[in-house]
Amino acid sequence: MQGCIIGTYYAEFLDLSLDPEEPLVILLQDGTESRTEYLQVLGIMDAAPGFFFTKVPSFRRPQEILVSFPTYMRLAGPNVITSPAQVPIVEVSIKVKDDRDDYKDIVVQSFIDFRAEQYPSIDIFDYRDFESTVSDNRATLSVVFIAIEIVVLILSLFSLITSMSTNIVEQAKEIAILRAVGLTKLKVVLIYLGESFVLVFSSSLFGILIGTITAFTMSI
């Protein structure tokens, strides 16, 4: 029995696991004839570079199933595809073993030469160009977010100072009563510092909770 790799959503929806005793059952129909194929689930993935896997249902495009060339030929049916050269290929992803940039440049150039000689209509995409763009965007976003955080902290500080100053002015009579019953200036200050700490701590805890929930929902 040949195998396949599926997404997490398909695995949960079809109640599949890596157990060989629970294969993926595929019913294929060609005209009046039908046949059943069994594929062992070799891997369950949330995401993969170049492929579409998710943990949630998607209505934009169907999720993909990875199979080998021989499995694809067998699923296509007898006498439909007789050799791997006949398998329709839309995209090929290649990862070189040597991580040096000069070696990668040689590989890319060899494919460019091959395209010029054999297949001028194909497109060649160097992932390093995409990584460079992503790195630049991340650096820019990091600077923007840091600036926003600094502005928010400054605004929060002034807001806290203003609210506490207003609170103290409004409670001048209460402070006078506390002083009259014998509380020292230090104790009165500690009371308002404790009030400020409770407000800041509860607000921070609430903000962390909201941020965590928001980040979790965006990562699904």
Side-chain angles (χ1 to χ4, degrees), residues 5-19 22 41-64 66 93 95 99 101 126-220:
I5 298 177
I6 62 175
T8 303
Y9 171 69
Y10 277 176
E12 294 177 352
F13 182 77
L14 299 175
D15 194 21
L16 297 173
S17 65
L18 301 180
D19 187 358
E22 299 178 357
V41 179
L42 302 177
I44 300 174
M45 307 181 70
D46 294 338
F51 301 99
F52 186 70
F53 295 129
T54 66
K55 296 189 291 185
V56 295
S58 174
F59 301 100
R60 295 177 301 170
R61 55 180 290 192
Q63 299 193 30
E64 296 167 342
L66 301 185
S93 300
K95 180 180 179 181
D99 201 40
D101 285 336
D126 191 347
Y127 192 75
R128 290 175 298 174
D129 298 336
F130 176 73
E131 285 183 330
S132 177
T133 304
V134 171
S135 299
D136 295 340
N137 292 337
R138 284 180 177 176
T140 304
L141 289 176
S142 298
V143 173
V144 172
F145 286 145
I146 291 174
I148 292 175
E149 290 175 1
I150 293 175
V151 172
V152 170
L153 288 174
I154 293 175
L155 292 176
S156 300
L157 177 62
F158 279 108
S159 176
L160 178 62
I161 294 174
T162 303
S163 62
M164 291 304 300
S165 300
T166 304
N167 190 27
I168 291 174
V169 172
E170 291 177 350
Q171 296 184 3
K173 295 181 179 179
E174 288 81 356
I175 295 175
I177 294 173
L178 293 176
R179 293 281 290 144
V181 297
L183 265 69
T184 62
K185 290 184 179 180
L186 178 60
K187 290 185 178 180
V188 174
V189 171
L190 290 176
I191 289 174
Y192 282 93
L193 286 178
E195 180 182 351
S196 302
F197 175 77
V198 171
L199 291 174
V200 172
F201 180 77
S202 58
S203 301
S204 300
L205 188 63
F206 190 64
I208 292 173
L209 180 62
I210 293 178
T212 302
I213 295 175
T214 303
F216 176 75
T217 54
M218 293 179 65
S219 64
I220 295 179

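The figures that follow rest on heavy atoms only: side chains count, while hydrogens, waters and symmetry mates do not.
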Nearest-0.5 Å distance, CG of residue Asn137 to OG of residue Ser142: 10.5 Å
Verdict with supporting geometry, Asp46 and Thr54, side chain to side chain contact (heavy atoms under 4.5 Å, CB included): CA-CA 5 Å; Asp46 294 338; Thr54 66; over 6 Å; no
From Ile213 atom CD1 to Leu209 atom CG, the distance as rounded to the nearest 0.5 Å: 4.0 Å
Please set out all donor-acceptor pairs under 3.5 angstrom arising from side-chain atoms of residues 178-193, sequence neighbours excluded.
| from | atom 1 | to | atom 2 | distance (Å) |
| --- | --- | --- | --- | --- |
| Arg179 | NH1 | Leu183 | O | 2.9 |
| Thr184 | OG1 | Lys187 | N | 3.4 |
| Tyr192 | OH | Gln171 | OE1 | 2.7 |

Where Ser17 and Glu22 come nearest, the two heavy atoms and their spacing: OG-OE1, 3.1 Å
Would you give me the side-chain donor-acceptor pairs under 3.5 Å for residues 197-208, sequence neighbours excluded?
| from | atom 1 | to | atom 2 | distance (Å) |
| --- | --- | --- | --- | --- |
| Ser202 | OG | Val198 | O | 2.8 |
| Ser202 | OG | Leu199 | O | 3.0 |
| Ser203 | OG | Leu199 | O | 2.8 |
| Ser204 | OG | Val200 | O | 2.8 |

Distance (rounded to the nearest 0.5 Å) between Leu16 CG and Thr8 OG1: 11.5 Å
Trace of the side chain to side chain contact (heavy atoms under 4.5 Å, CB included) decision for Leu66 with Phe53: CA-CA 10 Å; Leu66 301 185; Phe53 295 129; 3.9 Å; yes
Test log, rule side chain to side chain contact (heavy atoms under 4.5 Å, CB included), inputs Leu157 and Leu153: CA-CA 6 Å; Leu157 177 62; Leu153 288 174; over 6 Å; no
Any residue meeting ring-ring contact (aromatic ring centres under 6.0 Å, His included) with Phe145, in chain and number order, not counting sequence neighbours: none
Spatial distance of atom CG (Leu141) from atom CG (Asp136) [nearest 0.5 Å]: 11.0 Å
Ile44 CD1 to Ile6 CD1 distance, which is reported to the nearest 0.5 Å: 5.0 Å
Heavy-atom closest pair, residues Glu12 and Lys55: OE1-O, 4.3 Å
